Trainee: 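Once you've had a glance at the structure underneath, I'll fire off some questions.
Just so it is clear, the model here is predicted, and its values are computed rather than measured.
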Amino acid sequence: MANNSPRRPPSGIKVIVVGAGFAGLAAAIECDRKGHSVTLFDKVDNIEEITRIGDIISFDPNGSVAFERWPGVVDQMEAIARQTKHIDLYHHQGKFVTRQDFSHEKAWGRRINGHRGQLHNIIYRHAVDRGIDIRLGKRVEDYFEQDSPPQAGVVVNGERIAADVVIAAEGVRSRGRKIVLGFDENPKSSGYAVYRAWFPADRVRNNPVIKHLVENGDTHQGFIGPDIHFLASTIKNGTEVNWVFTHIDDGNIEESWQFPGKPEEALKYLEGWCDVVHELVKATPDGRLIDHKLVYRDPLPTFISPKRRIALIGDSAHPFLPTSIQGASQSIEDGVVLATCLELSGRQNIPRALKAYEKLRYARVHRAQANGPKMRERWHKADWNEVWKKPEMIHLIRETWLLNFDAEKDAYDRFSSVLEELERDEQQIKPRL
């Protein structure tokens, strides 16, 4: 049954969303808020295949502002999120370097950092409560779009299912990329892979080297070394522990979230690192560690299909490196902006809506995306002679233009001017044809 969540009058626009990750769910919820009729498909048979993934995910104020508009969601998230206002950064051999404080960001909105699966489940349950038509166990085999009648759709189990617009939110391997680009292409290795772990704090509490991490509530710390950064958190008042570290990809793992990692293998990358890092890795229980490649795609020339009926969002359009700390937030922004553009354009102007979505998102997304490699190099190639003189050199990139931002308000404010800009662009192109 649908709940009493606020919803604008029906727009008559039929939307298909492919993928029930954060991007797809955000797009579905925002389309529902704007009065569009939504059907969401995902290949998983059970949503727990997504929600059981145990690592940390971060939403900055520019992402969490959307959750504020989904009744009850942000409060549920806050209840299980890490409650910290700073990060302590250390040299990889254990010497303290600097504390970066985030208290001033409270004026911009909420920072939500928590268990990926648990936060996903909160959003998924909200989508279900809204009454959104979610069809699990449905693998999308292909996409299509046509002029007569004007529509787009997907092929599921050989059946063509049509709508006014399709939103591809399947991640870096989205089949929607082919219809947008006109050809198949594979993700590329970033040259790095990442270990991720999440487990109860019991195995830490009695260890004299690391017990301080769970004795005073939640904590957040990072250890910086050559070509590796190791981030650790305690969460839920110090009752759970998570750690991640990015390392050079030696080709031993596949492109999968679910490849099991072994603590003894992880430790091989950490020779010469401090005891705190070693003991955290050793404390990781069997089955609580994953290792996977960090893949990327070259920046796309466009996020929308030739007939402007299919749009890519999230990792389907622009995969982010974890060091950007923006992949999740940008995927939420995508869904918000696309739903808003559809609302403002109306059913008779779907192609215009998608062009406006792309215009509103393209430059901002790629500017944010560039922070990932920049931050990784700041840590992995740190000149420690200079860092000791100026410790803030290794602070996280936290910029006002990026974090103090409301994608919905921006779309409403700039939609008309973006349309005018698109019309000018088209007029400049026409004389050349």
Trainee: Run the salt-bridge test on Glu170 and Arg175 with the 4.0 Å N-O cut-off and return the result as yes or no.
Mentor: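 Arg175 and Glu170: not salt-bridged.
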Trainee: Using only heavy-atom distances, determine whether the side chains of Trp243 and Thr284 contain a donor-acceptor pair under 3.5 Å.
Mentor: yes
Trainee: Would you mind telling me which of Arg82, Gln221, Glu240 makes a side-chain hydrogen bond (donor to acceptor under 3.5 Å, both in side chains) with Ser233?
Mentor: Arg82
Trainee: Does any part of the side chain of Val18, heavy atoms only, come nearer than 4.5 Å to the side chain of Tyr143, both counted from C-beta?
Mentor: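 Tyr143 reaches Val18 side chain to side chain.
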Trainee: Is there a donor-acceptor pair closer than 3.5 Å between any side-chain N or O of Asn349 and the backbone N or O of Arg352?
Mentor: no
Trainee: At their closest point, which heavy atom of Met375 faces which heavy atom of Ile394, and how far apart are they?
Mentor: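 Looking at all heavy atoms of both residues, the closest pair is CE-O, 4.0 Å.
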Trainee: With a 3.5 Å cut-off and no angle check, do the side chains of Glu399 and Asn404 form a donor-acceptor pair?
Mentor: no
Trainee: When you measure from the side chain of Thr239 to the backbone of Lys236, do you find a donor-acceptor pair of N or O atoms at a distance under 3.5 Å?
Mentor: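 Yes; judged by distance alone, with no hydrogens or angles, the pair exists.
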Trainee: Where do Ala127 and Leu25 come nearest, in terms of heavy atoms and distance?
Mentor: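 It is CB-CD2, 4.1 Å.
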Trainee: Is there a side chain to side chain contact (heavy atoms under 4.5 Å, CB included) between Val17 and Val38 once you walk through the steps?
Mentor: CA-CA 7 Å; Val17 179; Val38 184; 4.0 Å; yes
Trainee: Donor-acceptor pairs are to be reported for all side-chain atoms of residues 323-343 against protein atoms at under 3.5 Å, with residues two or more places apart or in another chain.
Mentor:
from   : atom 1 : to     : atom 2 : distance (Å)
Thr323 : OG1    : Gly372 : O      : 2.7
Ser324 : OG     : Leu321 : O      : 2.8
Ser324 : OG     : Gln326 : N      : 3.1
Gln326 : OE1    : Asn62  : ND2    : 2.9
Gln326 : OE1    : Gln330 : NE2    : 2.8
Gln326 : NE2    : Asp60  : OD2    : 3.2
Gln326 : NE2    : Asn62  : OD1    : 3.2
Ser329 : OG     : Asp60  : N      : 3.0
Gln330 : OE1    : Arg361 : NH2    : 2.7
Ser331 : OG     : Ala328 : O      : 2.6
Glu333 : OE1    : Arg361 : NH1    : 2.6
Glu333 : OE1    : Arg361 : NH2    : 3.4
Glu333 : OE1    : Arg364 : NE     : 2.9
Glu333 : OE2    : Asn62  : ND2    : 2.7
Glu333 : OE2    : Arg364 : NH2    : 2.8
Asp334 : OD1    : Arg361 : NE     : 2.7
Asp334 : OD1    : Arg361 : NH2    : 3.0
Asp334 : OD2    : Gly314 : N      : 2.8
Asp334 : OD2    : His318 : NE2    : 2.6
Thr340 : OG1    : Val336 : O      : 2.8
Glu343 : OE1    : Tyr412 : OH     : 2.6
Glu343 : OE2    : Arg8   : NE     : 3.2

Trainee: Holding to ring-ring contact (aromatic ring centres under 6.0 Å, His included), I want the full list of residues that pass it with Tyr362, two or more places apart in sequence or in another chain.
Mentor: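 If we apply the ring-ring contact (aromatic ring centres under 6.0 Å, His included) test to Tyr362, skipping adjacent residues, the hits are Phe303, His366.
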Trainee: Flag the pair Arg110 and Asp75 as a salt bridge only when some basic side-chain nitrogen lies within less than 4.0 angstrom of an acidic carboxylate oxygen.
Mentor: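 Salt bridge present between Arg110 and Asp75.
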Trainee: Are Lys34 and Glu30 close enough for a salt bridge, meaning some N to O gap below 4.0 Å?
Mentor: yes
Trainee: Would you mind checking if Glu265 and Lys268 are paired as a salt bridge, meaning a charged N to carboxylate O distance below 4.0 Å?
Mentor: no
Trainee: Measure the acute angle between the ring planes of Trp273 and His92, then classify it against the limits of 30° and 60° as parallel, tilted or perpendicular.
Mentor: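 Because their plane-to-plane angle lies in the 30° to 60° range, the rings of Trp273 and His92 count as tilted.
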Trainee: Go through the structure and list residues passing salt bridge (Lys or Arg N to Asp or Glu O under 4.0 Å) with Asp218, not counting sequence neighbours.
Mentor: none
Trainee: Does Arg308 have any salt bridge (Lys or Arg N to Asp or Glu O under 4.0 Å) partners at least two apart in sequence or in another chain, and if so, which?
Mentor: Glu426
Trainee: Are more than 12 heavy atoms, taken from residues, nucleotides or ligands other than Glu271, located less than 6.0 Å from that residue's CD atom?
Mentor: no
Trainee: Might you confirm whether atom CG of Asp286 has over 12 heavy atoms from other residues, nucleotides or ligands at distances under 6.0 Å?
Mentor: no
Trainee: Does the plane of the ring in Trp70 sit parallel, tilted or perpendicular to the ring in His126? Use 30° and 60° as the thresholds.
Mentor: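 Trp70 and His126: parallel rings.
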Trainee: Using a strict 4.0 Å threshold on nitrogen-to-oxygen distance, state whether Asp42 and Arg139 make a salt bridge.
Mentor: no
Trainee: Is the cationic atom of Arg367 (NZ for Lys, CZ for Arg) positioned less than 6.0 Å from the six-membered ring centroid of Trp401 and within 45 degrees of its normal?
Mentor: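 The answer is yes, since Arg367 meets both limits relative to Trp401.
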Trainee: Could Lys95 and Trp388 be counted as a cation-pi pair, given that NZ or CZ must be under 6.0 Å from the ring centre and within 45° of the axis?
Mentor: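 Output yes; distance and angle both within limits.
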Trainee: Just grab all the salt bridge (Lys or Arg N to Asp or Glu O under 4.0 Å) pairs involving residues 203-213, residues at least two apart or on different chains.
Mentor: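 Qualifying pairs, neighbours excluded: none.
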Trainee: Phe67 vs Phe59 aromatic rings, parallel, tilted or perpendicular, using cut-offs 30° and 60°?
Mentor: perpendicular
Trainee: Can we call the ring centroids of Tyr195 and His292 under 6.0 Å apart?
Mentor: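 Judged by ring-centre distance (under 6.0 Å), Tyr195 and His292 do not meet the cut-off.
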Trainee: Would you find a donor on one side and an acceptor on the other, under 3.5 Å apart, between the side chain of His86 and the backbone of His220?
Mentor: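 Side chain of His86 to backbone of His220, a donor-acceptor pair under 3.5 Å: no, none is there.
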Trainee: Measure from the side-chain N and O atoms of Arg130 to the backbone N and O of Arg7, and report whether any donor-acceptor pair falls under 3.5 Å.
Mentor: no
Trainee: Take the angle between the ring planes of Phe230 and Phe223 and call it parallel below 30°, perpendicular above 60°, tilted in between.
Mentor: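 Ring orientation, 0 to 90° scale: perpendicular.
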Trainee: So, does Ser316 use its side chain to make a donor-acceptor pair with the main chain of Gly171 at under 3.5 Å?
Mentor: yes
Trainee: Does Trp198 offer a backbone N or O that forms a donor-acceptor pair with the side chain of His115 under 3.5 Å?
Mentor: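 No, His115 side chain to Trp198 backbone: no donor-acceptor pair under 3.5 Å.
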Trainee: Are any of the side-chain heavy atoms of Cys31 and Ile13 separated by less than 4.5 Å?
Mentor: no
Trainee: Do you know which of Lys282, His212, Glu279 makes side chain to side chain contact (heavy atoms under 4.5 Å, CB included) with Asn207?
Mentor: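 Per the side chain to side chain contact (heavy atoms under 4.5 Å, CB included) rule, the option paired with Asn207 is Glu279, out of Lys282, His212, Glu279.
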Trainee: Which heavy atom of Leu136 sits nearest a heavy atom of Val44, and at what distance?
Mentor: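 Looks like CB-O, 3.2 Å.
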Trainee: Assign the ring pair His229 / Trp379 to parallel, tilted or perpendicular, where the plane angle (0 to 90°) is split at 30° and 60°.
Mentor: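 Correct class here is tilted.
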Trainee: If we ignore hydrogens and angles and just use 3.5 Å, is the side chain of Ser305 paired with the main-chain N or O of Arg309 as donor and acceptor?
Mentor: yes
Trainee: Considering residues at least two apart in sequence or located in another chain, which fulfil the salt bridge (Lys or Arg N to Asp or Glu O under 4.0 Å) criterion with Asp142?
Mentor: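 Asp142 satisfies salt bridge (Lys or Arg N to Asp or Glu O under 4.0 Å) with no other residue.
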